[in-house]
Novice: 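My questions all concern the structure below.
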Amino acid sequence: MKDPVTVATGITYDRESIEQWFLTTNDMSCPVTKQPLPTDNSNDSMTPNHTLRRLIQQWCTINAINGVDRIPTPKFPLNRIYAVKLVKDLGMPHLQQAALKKMEALASENERNRRSMAEAGVGKALILFIVTCFQEGKTNGLLEALRVLHHVWSVDEETKVAVIGNNDFLESLTWVLGLNHDNGHNHMLLLKIEAILVLKMTIPVVNTAQLERLKLEFFMNISTLLSEKKISQQAVKSALHVLVEACPWGRNRMKIVESGAIFQLIELELLKPEKHVTELIFNLLANLCCCADGRAQFLKHDGSIAMVSKRILRVSHATDDLGVQILSSISKFSATHGVVLEMLLVGAVSKLCMVMQADCPAYLKKKVRGILRLHSNVWNNSPCIAVYLLTRPR
């Protein structure tokens, strides 16, 4: 326990743990006695157990020689009135910076503070602040605003509702992603990383009309961000999630292709990222290879076919399915003589033969059989395929 509190039944719990229990289970009862607790189980209905906290701190001090760190004295819970005051300060130019720094410090402390801030309308106020920065072309306080919005988003349903139909907010995030590095590369990169984290949470809640009206600039900025070497894995996943969500709508697929994202996706996959990133990349490539321009851009990269064949049977069942889908699209609609030979030389045909012999689903083997049949006149009896892998398509 770090912050022991006693509920109405007389049982003491760690504050963060019992609050998480109420939040995740929606069960407003005491976990030990099963007795109902006040439905407005706020900070006022939980009494700090100062005696127990002092005993815990004393025990930590005694056991410091064994590597036990002393727990700090808990700070007083964020008061709603104070949170409302911070929102008002955000609207005053001379108090904005101080208010944002206080918000960031409070939001990073614990979930309780984030909920109090959400109830006070911090999320909606920050959206307005970010849009104002975009309209005035200012970046002062923008980093802190994006960080706090990222923190309070998950607990604030009103913020999510405020985003629906708000085209200015999407344009503001697009603007942040496209900022140049005149004011320092590291600072601007941090801004873009926070913007893509917020954008990942924004895209799933915006309406269809907004998704269909996304501009080419939007996708070009994301593609450029993916090319950054110092970008975090969390930001990479967020960017990929945004592309996956936007890809099926309107002309977004063509805009993603035009933005040069396919090259960046292949380059990113060649770095051997973690499993989930690979699955997101293959998901995008499979969708983009459904159109002629997407396949053309895919084949322009010298390592594209080799990369896809290398990942099949090595990452996950989802990657196998998507990888075969990519090769199927290429072999059906873009199979020039050079492409067919490349598939043979880089091991793609051998890998397809391995899929036929592996413990893969029947539907996947059927799809692979169709690919092998298409160009069997070129691939049959090739010395590039090991004898034990030769499989006659039936």
Side-chain angles (χ1 to χ4, degrees), residues 240 243-244 247-248 253 257 261-263 265-394:
L240 294 174
L243 293 177
V244 168
C247 190
R253 186 180 297 167
V257 172
I262 289 181
F263 181 86
L265 292 172
I266 296 171
E267 287 292 307
L268 185 60
E269 182 56 37
L270 289 173
L271 298 174
K272 297 181 179 179
E274 60 182 76
K275 171 183 162 184
H276 183 52
V277 172
T278 293
E279 290 174 346
L280 289 170
I281 290 173
F282 270 58
N283 187 342
L284 280 166
L285 290 176
N287 276 287
L288 297 175
C289 283
C290 289
C291 63
D293 289 345
R295 292 190 296 275
Q297 290 295 323
F298 178 82
L299 292 172
K300 278 185 179 180
H301 194 293
D302 293 336
S304 57
I305 295 177
M307 178 274 291
V308 170
S309 62
K310 192 81 170 176
R311 295 295 183 269
I312 294 175
L313 297 180
R314 290 193 174 193
V315 181
S316 66
H317 294 306
T319 305
D320 296 343
D321 199 350
L322 294 165
V324 169
Q325 184 178 332
I326 293 168
L327 294 179
S328 177
S329 296
I330 297 299
S331 63
K332 284 181 181 178
F333 307 112
S334 302
T336 63
H337 184 67
V339 170
V340 173
L341 285 179
E342 183 182 353
M343 291 180 69
L344 185 63
L345 293 172
V346 301
V349 181
S350 294
K351 185 57 70 77
L352 291 173
C353 292
M354 291 175 67
V355 172
M356 292 297 296
Q357 297 182 0
D359 184 21
C360 294
Y363 75 88
L364 191 61
K365 291 187 177 183
K366 182 179 180 181
K367 192 179 293 185
V368 168
R369 191 179 293 115
I371 299 173
L372 293 173
R373 278 177 175 168
L374 277 175
H375 308 290
S376 58
N377 59 326
V378 178
W379 295 336
N380 270 346
N381 304 317
S382 170
C384 295
I385 307 175
V387 175
Y388 73 93
L389 289 177
L390 289 175
T391 305
R392 287 187 176 276
R394 297 177 182 176

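Quick note: residue numbers are just sequence positions, from 1. As the structure is a prediction and not an experimental result, all values here were calculated from the model.
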Novice: If you measure from NZ on Lys310 to NZ on Lys272, what distance do you get to the nearest 0.5 Å?
Specialist: 7.0 Å
Novice: Among Val257, Asp293, Asn283, Ile326, find the one that has a side chain to side chain contact (heavy atoms under 4.5 Å, CB included) with Leu288.
Specialist: Val257
Novice: Do you know which two heavy atoms are closest between Lys351 and Leu313, and how far apart they sit?
Specialist: CD-CD1, 3.9 Å
Novice: Write down the atom of Leu270, the atom of Arg311, and the distance for their closest heavy-atom approach.
Specialist: CA-NH2, 4.2 Å
Novice: Judged by atom type as modelled, is there a donor-acceptor pair below 3.5 Å linking the side chain of Lys365 to the main-chain atoms of Ala358?
Specialist: yes
Novice: Mind checking the NE2-NE2 spacing from His337 to His375? Nearest 0.5 Å is all I need.
Specialist: 11.5 Å
Novice: Can you tell me how far the NZ atom of Lys275 sits from the OG1 atom of Thr319, to the nearest 0.5 Å?
Specialist: 8.0 Å
Novice: Taking Val340's backbone N and O only, do any of them form a donor-acceptor pair with Trp379's side chain (distance below 3.5 Å, no angle check)?
Specialist: yes
Novice: Checking side-chain contact (heavy atoms from CB on, under 4.5 Å) for the pair Leu285/Met307: CA distance, chi angles, key distance, verdict?
Specialist: CA-CA 12 Å; Leu285 290 176; Met307 178 274 291; 4.0 Å; yes
Novice: Filter on salt bridge (Lys or Arg N to Asp or Glu O under 4.0 Å), then keep only pairs touching residues 312-321, sequence neighbours left out; what's left?
Specialist: Asp321-Lys367
Novice: As a quick check of understanding, evaluate side-chain contact (heavy atoms from CB on, under 4.5 Å) for Leu265 and Leu240, giving each step before the final call.
Specialist: CA-CA 9 Å; Leu265 292 172; Leu240 294 174; 3.5 Å; yes
Novice: Under the side-chain contact (heavy atoms from CB on, under 4.5 Å) criterion, do Phe282 and Glu269 qualify, and how do the steps go?
Specialist: CA-CA 9 Å; Phe282 270 58; Glu269 182 56 37; 4.1 Å; yes
Novice: The test is side-chain contact (heavy atoms from CB on, under 4.5 Å); show your working for Val308 and Ile330 and say whether it passes.
Specialist: CA-CA 11 Å; Val308 170; Ile330 297 299; over 6 Å; no
Novice: Of the non-hydrogen atoms in Glu342 and Asp302, which two are nearest, and what is the gap between them?
Specialist: OE2-O, 3.7 Å
Novice: OG of Ser328 to CG of Leu374: how many Å apart, nearest 0.5 Å?
Specialist: 7.5 Å
Novice: Kindly compute the distance separating OG (Ser350) from CG (Leu345), expressed to the nearest 0.5 Å.
Specialist: 10.0 Å
Novice: Could you tell me which non-hydrogen atom of Ser309 sits nearest to which non-hydrogen atom of Ala348, and how far apart they are?
Specialist: CB-CA, 3.5 Å
Novice: Grab the two heavy atoms, one from Ser329 and one from Cys289, that are nearest each other, plus how far apart they are.
Specialist: CB-O, 3.6 Å
Novice: Using 0.5 Å steps for rounding, measure from the CD1 atom of Ile305 to the OG atom of Ser331.
Specialist: 9.5 Å
Novice: Do any N or O atoms from the side chain of Arg253 and from the backbone of Cys290 form a donor-acceptor pair under 3.5 angstrom?
Specialist: no
Novice: Verify, without hydrogens or angle tests, whether Ser304 (side chain) and Phe298 (backbone) share a donor-acceptor contact under 3.5 angstrom.
Specialist: yes
